[in-house]
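Everything below concerns the one structure shown next.
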Number of protein chains: 2
Amino acid sequence: MSAVATAQGERLTQPQRRARSRSALLESAARGLSRYGYSNLLLERVARDAGYTRGALYHQFANKEALALEVVSWVEETWYSEVGRLALNTSDAAEALIAMARGHAVYCRRDVARVMMALRVELSGQDHPVGRAVEEAVGRVVAECTRLIAAGRRSGSIPPGPSPRLLALAYLGAVEGLVINLAAKAPFDELLAERGARGVLGLPPSPEKKAS
Amino acid sequence: MSAVATAQGERLTQPQRRARSRSALLESAARGLSRYGYSNLLLERVARDAGYTRGALYHQFANKEALALEVVSWVEETWYSEVGRLALNTSDAAEALIAMARGHAVYCRRDVARVMMALRVELSGQDHPVGRAVEEAVGRVVAECTRLIAAGRRSGSIPPGPSPRLLALAYLGAVEGLVINLAAKAPFDELLAERGARGVLGLPPSPEKKAS
DNA sequence: TACTATACATGCATGCACGTATGTAAGTTA
DNA sequence: TAACTTACATACGTGCATGCATGTATAGTA
């Protein structure tokens, strides 16, 4: 969007320069992937939007694929630190899944929300390294949700029904689709994400407490 | 996949030949768009999978864009005739929305299920004719669901809450995401689509009647 | 059977984006 | 300040898919 513009006299050490450029390029790439997907992502645009040229990009990243892989890792990390972590603060598995649904809605209010979905829709089944990385990251979330659902079944907070893995896929698909379609329309994104999650999981409707 | 292979002695009139080639190419293009999206769709592959070459394709369709637009129209028509129609057979709006959720799950069991989502994720916001066509088609479905929700609110079968349009977007996003993630795992796709829809709409859980 | 039109195949030209090689400026160490 | 390294820009080559132009076979017509 805007150049990094080392404001006059702002003296930077080399590692600082490098880190600044790198994160600017990564952020720009994340926005680009979210909007345009992988093959429609133009590195010229990524660099320009970050205030650089493709030369700077190729100096920091080996190629388009490596750049995308780093974006995927970055998204997964931030997602875990902001959403996945919510599962640890609750004692009950059903509560954890509800909290994650709401948390995901909040997480997706930023503009890089669609990175994972965009890449998955575009590259799944394509034997593409980036597609595989996304599938693996999504797989980890699915596994975590599957574990939570199984635990909730054992503790009785989630009623019996389809296999935990199938239910986890349904839960995640519903929450992700809902949140993306709502496009950060706070506070309803969070409220409806909870309602959708409860419905899929077979939980009773909540007493409609306010959004956090 | 396999060539059309005019089995020996099978005498065809010109309009018949044309129509046969045309639908074979359209079907192949629909599968391709569903799997690879628009820009990753290779016309060479489309033609080959239908048993022809790109020459045949360019003889029937002006260009890649025109081909994609026809696929979008075709998908919208079949969706209305198989899913949208379900809304007409019910007296109550809430019933209609539930029926559509289940119907969409059934509709999406075929391999062209992801055409609309794939194109929307790839081209939305891009000022691309195909993207616009998809947005318009989706917009019509959203409008229909919005109308149904407003009617359900008036008749009391859907409880008050967020604006009908917002709720329609949430409902559709949840159902679509859920169904795609479940990848035609009958009969749970249908069952969970209903549960998700009920949750988002604020309807009580159903007595879990069997899938149709 | 000759002659036209339609359905389809094959070969070429263009454009576009990636990746790389080279050049220049800014920072680091002596 | 002189040498050296790192950060970035500019310019070029390559591959690939689209679209078009031309060639061939099959169907319709007299």
Side-chain angles (χ1 to χ4, degrees), chain A residues 3-26 28-29 32-33 35-69 122-123 126 128-130, chain B residues 3-26 28-29 32-33 35-71 122-123 126 128-130:
Chain A
V4 174
T6 59
Q8 32 169 357
E10 188 176 354
R11 181 112 178 148
L12 285 179
T13 180
Q14 293 269 44
Q16 285 174 333
R17 262 182 94 187
R18 184 178 182 82
R20 165 180 284 210
S21 310
R22 191 180 176 78
S23 57
L25 289 166
L26 266 178
S28 173
L33 285 173
R35 285 190 201 152
Y36 309 113
Y38 184 76
S39 56
N40 282 353
L41 179 79
L42 307 191
L43 298 187
E44 168 68 32
R45 241 189 119 85
V46 171
R48 276 191 60 83
D49 287 358
Y52 298 89
T53 68
R54 280 171 48 247
L57 208 158
Y58 275 95
H59 182 63
Q60 299 249 16
F61 304 93
N63 49 32
K64 187 174 181 176
E65 189 180 303
L67 173 66
L69 287 173
E122 179 180 359
L123 302 175
Q126 221 115 323
H128 192 289
V130 176
Chain B
V4 174
T6 59
Q8 32 171 357
E10 190 176 353
R11 182 108 178 151
L12 286 178
T13 181
Q14 294 269 44
Q16 285 174 332
R17 260 181 96 186
R18 183 178 182 83
R20 163 180 285 209
S21 309
R22 191 181 176 79
S23 56
L25 289 166
L26 265 178
S28 173
L33 286 174
R35 286 191 200 152
Y36 309 113
Y38 184 76
S39 58
N40 283 353
L41 180 79
L42 307 191
L43 298 187
E44 168 68 31
R45 240 189 120 84
V46 171
R48 276 191 61 83
D49 287 359
Y52 298 89
T53 67
R54 280 171 48 246
L57 209 158
Y58 275 95
H59 182 63
Q60 299 250 15
F61 304 93
N63 49 32
K64 187 174 181 176
E65 189 179 305
L67 174 65
L69 287 173
E70 296 229 31
V71 169
E122 180 179 358
L123 302 175
Q126 221 113 324
H128 192 289
V130 176

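For clarity, every value in this text was computed on a predicted model and none was experimentally measured. Atom set for the values below is all heavy atoms of this structure, side chains included, hydrogens, waters and symmetry mates excluded.
At a threshold of 4.0 angstrom between heavy atoms, the contacts of B:Leu41 are confined to the sugar-phosphate backbone, with no base atom among them. Nucleic acid contact class of B:Leu57 (heavy atoms, under 4.0 Å, all strands): none. Among the protein residues, B:Arg18 comes within range of the sugar-phosphate backbone only, with heavy atoms under 4.0 Å from sugar or phosphate atoms but none that close to a base.
Protein atom CG of B:Leu67 is 10 Å distant from nucleotide atom P of D:dT18, rounded to whole Å. Rounded to an integer number of Å, the gap from CG of B:Leu43 to P of D:dC16 is 16 Å. Atom CZ of A:Arg48 is separated from atom P of D:dT10 by 10 Å (rounded to the nearest Å). Following rounding to the nearest Å, A:Arg22 (CZ) and D:dC8 (C1') show an atom-to-atom distance of 15 Å. The distance from atom CG of A:Asn63 to atom C1' of D:dT14 is 16 Å, rounded to the nearest whole Å. One atom, CG of A:Leu42, and another, P of C:dG15, lie 18 Å apart when rounded to the nearest Å. Look at OH on B:Tyr58: it is 13 Å from P on D:dA21, rounded to the nearest Å. Atom-to-atom, CD of B:Glu44 to P of D:dG15 comes out at 19 Å; the value is rounded to the nearest Å.
Put simply, B:His59 has a side-chain N or O that comes within less than 4.0 Å of OP1 or OP2 on C:dA7. Residue A:Thr53 places none of its side-chain N or O atoms closer than 4.0 Å to OP1 or OP2 of D:dT10. Contact annotation: A:Gln60 reaches the phosphate of D:dC8 (side-chain N/O to OP1 or OP2, under 4.0 Å). When the side-chain nitrogen and oxygen atoms of B:Ser21 are compared with OP1 and OP2 of C:dC8, one or more of them lie within a distance under 4.0 Å.
Using a 4.5 Å cut-off on side-chain heavy atoms (C-beta onward), B:Glu70 and B:Gln60 make no contact. Side-chain contact check for B:Leu42 versus B:Tyr36: every heavy-atom pair is 4.5 Å or farther apart. Residues B:Asn40 and A:Tyr38 are not in side-chain contact: their nearest non-hydrogen atoms beyond the backbone lie 4.5 Å or more apart.
With A:Ser23 contributing its side chain and A:Ala19 its backbone, the two residues share a donor-acceptor pair below 3.5 Å. In this structure, the side chain of B:Glu122 does not engage the main chain of A:Gly37 through any donor-acceptor pair within 3.5 Å.
Candidate nucleotides C:dG11, D:dA9, C:dG19 were compared by shortest atom distance to the side chain of A:Ala56, and D:dA9 ranks first. Here D:dC8 is the nucleotide among D:dC8, C:dG11, D:dA17 with the atom lying nearest to any side-chain atom of A:Tyr52.
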